[in-house]
Novice: 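Pasting a structure below so you can have a look.
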Amino acid sequence: MDSPERQVVSPTVIEHAQSPQNHGPLADFSGHARITGPCGDTMEFWVLERDGSVERTSFITDGCGPSLASGSMATCLAQGKPLTQAAEIGQKDILAALGGLPPEVEHCALLAANTLSAACEDAARRARSDGKPECESCSDTSCTARRRLDGETDQAFAERRQLQAKLCRIHKKILVLSGKGGVGKSTVAVNLAAALVLAGRKVGLLDVDIHGPSVPTMLGLEAVPLQEIGGEILPLQMGNLKVLSLGFFLRSPDDAVIWRGPMKMKAIQQFLQDVAWGDLDVLVVDSPPGTGDEPLSVCQLLGKVDGAVVVTTPQKVAAVDVRKSISFCRRLGVPVLGVVENMSGFACPRCGEVTPVFRSGGGRRIAEDMGVSFLGSIPIDPRIAEAGDEGRAYIVSYADSPTAVLMRDIVARVSEAAAIPLPGAGT
Ligand code: ADP
């Protein structure tokens, strides 16, 4: 990467860039990661873990001075820390320790933080499995991945165990569903995930809406390339939010996915099986719309789903779809956390007053009829569409707006229903 002109850098940055700490691979290591950032710089970290703490750490990079300084500072910050704490060293910590970087190269600190975190997670994973395949070290005797199913081939059994090993590290799995597209399912999924991160949770957001993966646009991640470590795809990381979308695999946002059934199923399976999700408090899944084969495969692959949020609009025609979605969940034994009525009235961007435009209340009536909770209404707010188009989560960018308050109430109800503790939100 070219050095930006007229950089103003602190003496600490210069010192760390000129004589980086622990520069070079470790001969003996327990965790390793290699990531190429969006700027093309590659960083590699090695971590030696002893008794749960980082005994030694080391890195290399082919990047510029700020990358060298960020990697070097990350090794200093990680040294001697418990592995879990070292994994949480973030971009902000590295920037603060360096006394800042010019804004145009702050991403070097993010690359260092993400690579260090991935190396620590790799060390923790290896320590847990003690060299054995991860599933073999699990103590859950009721886990179905312990036994081969009747007629299951070696490869299918190995793949199922690999998937189960991933899913075991995800504490809660929440599905966001809708009867049809365009009702705001992705909007709800993105803002739910962002709100959970704000409340201090480690969250994954998986966009398997195979016909219209809109999460990359909604989070401004369209041009960010995916990285691989040891055959596993790294989800894109934004602080405590890890994101993976089918959209990342399309060459251009305009590409349509025209896959036949088995290909779709295989893609969804790989999204769960070959992705380094790591330890997550919650995985929010933006499901394909409807009640057909695609959402069915998602539910089957996820195994135990902790709950589904059904998103609808107020119109009467949407009612049939909501009923179908609720029945679908019941058939599969997925608890319905409740119904969200989106685009319910129009919120004035100036005063926040909500004016009914269509008949509203349909979502609440169906929820009552079908004996599930009504989680709340979200009005049409032009800034929701604007934030989505600009790649920002509305609930973060307009945190003080009346609509964000309504969204937070919905998140609180979802969290309560799914028993997700929200320490950062005071619950
Ligand atoms: P789905 O996932 O159900 O297909 P999306 O979440 O992608 O729907 O929403 C479709 C479009 O509607 C997006 O452009 C989104 O920004 C916009 N949108 C969703 N909910 C609202 C709302 N409450 N107010 C304004 N625009 C909204």
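Heavy-atom basis, side chains included; hydrogens, waters and symmetry copies ignored. Whatever order the structure lists them in is the order used to number ligands and atoms, beginning at 1. Counting from 1, the numbers follow the sequence of the chain as shown.
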Novice: List every atom of ligand 1 that sits less than 4.0 Å from any heavy atom of Gly182, numbering the atoms from 1 in the order shown and giving each element.
Specialist: 1 (P), 3 (O), 4 (O), 8 (O)
Novice: So which protein heavy atom does atom 27 (C) of ligand 1 come closest to, and at what separation?
Specialist: Ile384 CG2, 3.8 Å
Novice: As an exercise, identify every atom of ligand 1 less than 4.0 angstrom from a heavy atom of Ser186.
Specialist: 1 (P), 2 (O), 6 (O), 7 (O)
Novice: Do any heavy atoms of Gly184 fall under 4.0 Å from ligand 1?
Specialist: yes
Novice: Of all the atoms in ligand 1, which lie at a distance below 4.0 Å from a heavy atom belonging to Pro379?
Specialist: 22 (C), 23 (N), 24 (N)
Novice: Of Gln162, Gln155, Arg161, which meets side-chain hydrogen bond (donor to acceptor under 3.5 Å, both in side chains) against Glu159?
Specialist: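 Only one option passes, and that is Gln155.
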Novice: Below 4.0 Å from any atom of ligand 1, is there a heavy atom belonging to Glu386?
Specialist: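 No, Glu386 has no heavy atom closer than 4.0 Å to ligand 1.
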Novice: Is it true that a side-chain atom of Asp281 and a backbone atom of Val203 form a donor plus acceptor pair closer than 3.5 Å?
Specialist: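 Checking the backbone N and O of Val203 against the side chain of Asp281, no donor-acceptor pair under 3.5 Å is found.
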Novice: Run through Asp209, Leu177, Val208 and flag the one making a side chain to side chain contact (heavy atoms under 4.5 Å, CB included) with Val285.
Specialist: Val208
Novice: In terms of atom number and element, which parts of ligand 1 are under 4.0 angstrom from non-hydrogen atoms of Lys185?
Specialist: 1 (P), 2 (O), 3 (O), 6 (O), 8 (O)
Novice: Between Asp93 and Gly90, is there a donor-acceptor pair closer than 3.5 Å when you use the side chain of the first and the backbone of the second?
Specialist: yes
Novice: Who's the nearest protein heavy-atom neighbour of atom 24 (N) of ligand 1, and how far?
Specialist: Asp381 N, 3.0 Å
Novice: Report yes if some N/O of Gly388 lies less than 3.5 Å from some N/O of ligand 1; otherwise report no.
Specialist: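 No; every N/O pair is 3.5 Å or more apart.
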Novice: Check Arg148 with Asp154, please: is the shortest side-chain N to carboxylate O separation under 4.0 Å?
Specialist: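 Yes.
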Novice: Given Asp279, which partner from the list Lys202, Arg169, His171 fulfils the side-chain hydrogen bond (donor to acceptor under 3.5 Å, both in side chains) test?
Specialist: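 Only one of Lys202, Arg169, His171 forms a side-chain hydrogen bond (donor to acceptor under 3.5 Å, both in side chains) with Asp279, namely Arg169.
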Novice: For atom 21 (C) of ligand 1, state whether the nearest protein heavy atom is under 4.0 Å away.
Specialist: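 So atom 21 (C) of ligand 1 has protein heavy-atom neighbours under 4.0 Å.
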Novice: Looking at ligand 1, does any of its N/O atoms fall within less than 3.5 Å of an N/O of Asp209?
Specialist: no
Novice: If you measure from atom 7 (O) of ligand 1 to every heavy atom of Met218, Glu341, Met343, which option wins on shortest distance?
Specialist: Met218
Novice: So, does Glu49 use its side chain to make a donor-acceptor pair with the main chain of Gly31 at under 3.5 Å?
Specialist: no
Novice: Nearest non-hydrogen contact with atom 16 (O) of ligand 1 belongs to which option: Gly179, Ala189, Pro288, Ala385?
Specialist: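 The option holding the nearest heavy atom is Ala385.
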Novice: Quick check: closest heavy atoms across Val243 and Leu241, and the distance to 0.1 Å?
Specialist: CG2-CG, 3.8 Å
Novice: Does a side chain donor of either Tyr394 or Asp381 reach within less than 3.5 Å of an acceptor in the other side chain?
Specialist: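 The answer is yes; a qualifying pair exists.
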Novice: For the residue pair Thr61 and Ser67, confirm or rule out a side-chain donor-acceptor distance under 3.5 Å.
Specialist: no
Novice: Do Thr312 and Val183 have side-chain heavy atoms sitting under 4.5 Å apart?
Specialist: no
Novice: State the atoms of ligand 1, each with its element, that fall below the 4.0 Å cut-off from a heavy-atom position in Ser214.
Specialist: 7 (O)
Novice: Could you check atom 19 (C) of ligand 1 against the protein and tell me its nearest heavy-atom contact, residue, atom and distance included?
Specialist: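 Nearest protein contact, heavy atoms only, for atom 19 (C) of ligand 1 is Thr187 OG1, 3.3 Å.
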Novice: So, is Gly181 polar-close to ligand 1, with some N/O to N/O distance under 3.5 Å?
Specialist: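 No - when backbone and side-chain N and O of Gly181 are compared with those of ligand 1, no distance drops under 3.5 Å.
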Novice: Would you kindly specify which portion of Asn342 sits under 4.0 Å from ligand 1, judged on non-hydrogen atoms: side chain, backbone, both or neither?
Specialist: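 Answer for Asn342: side chain.
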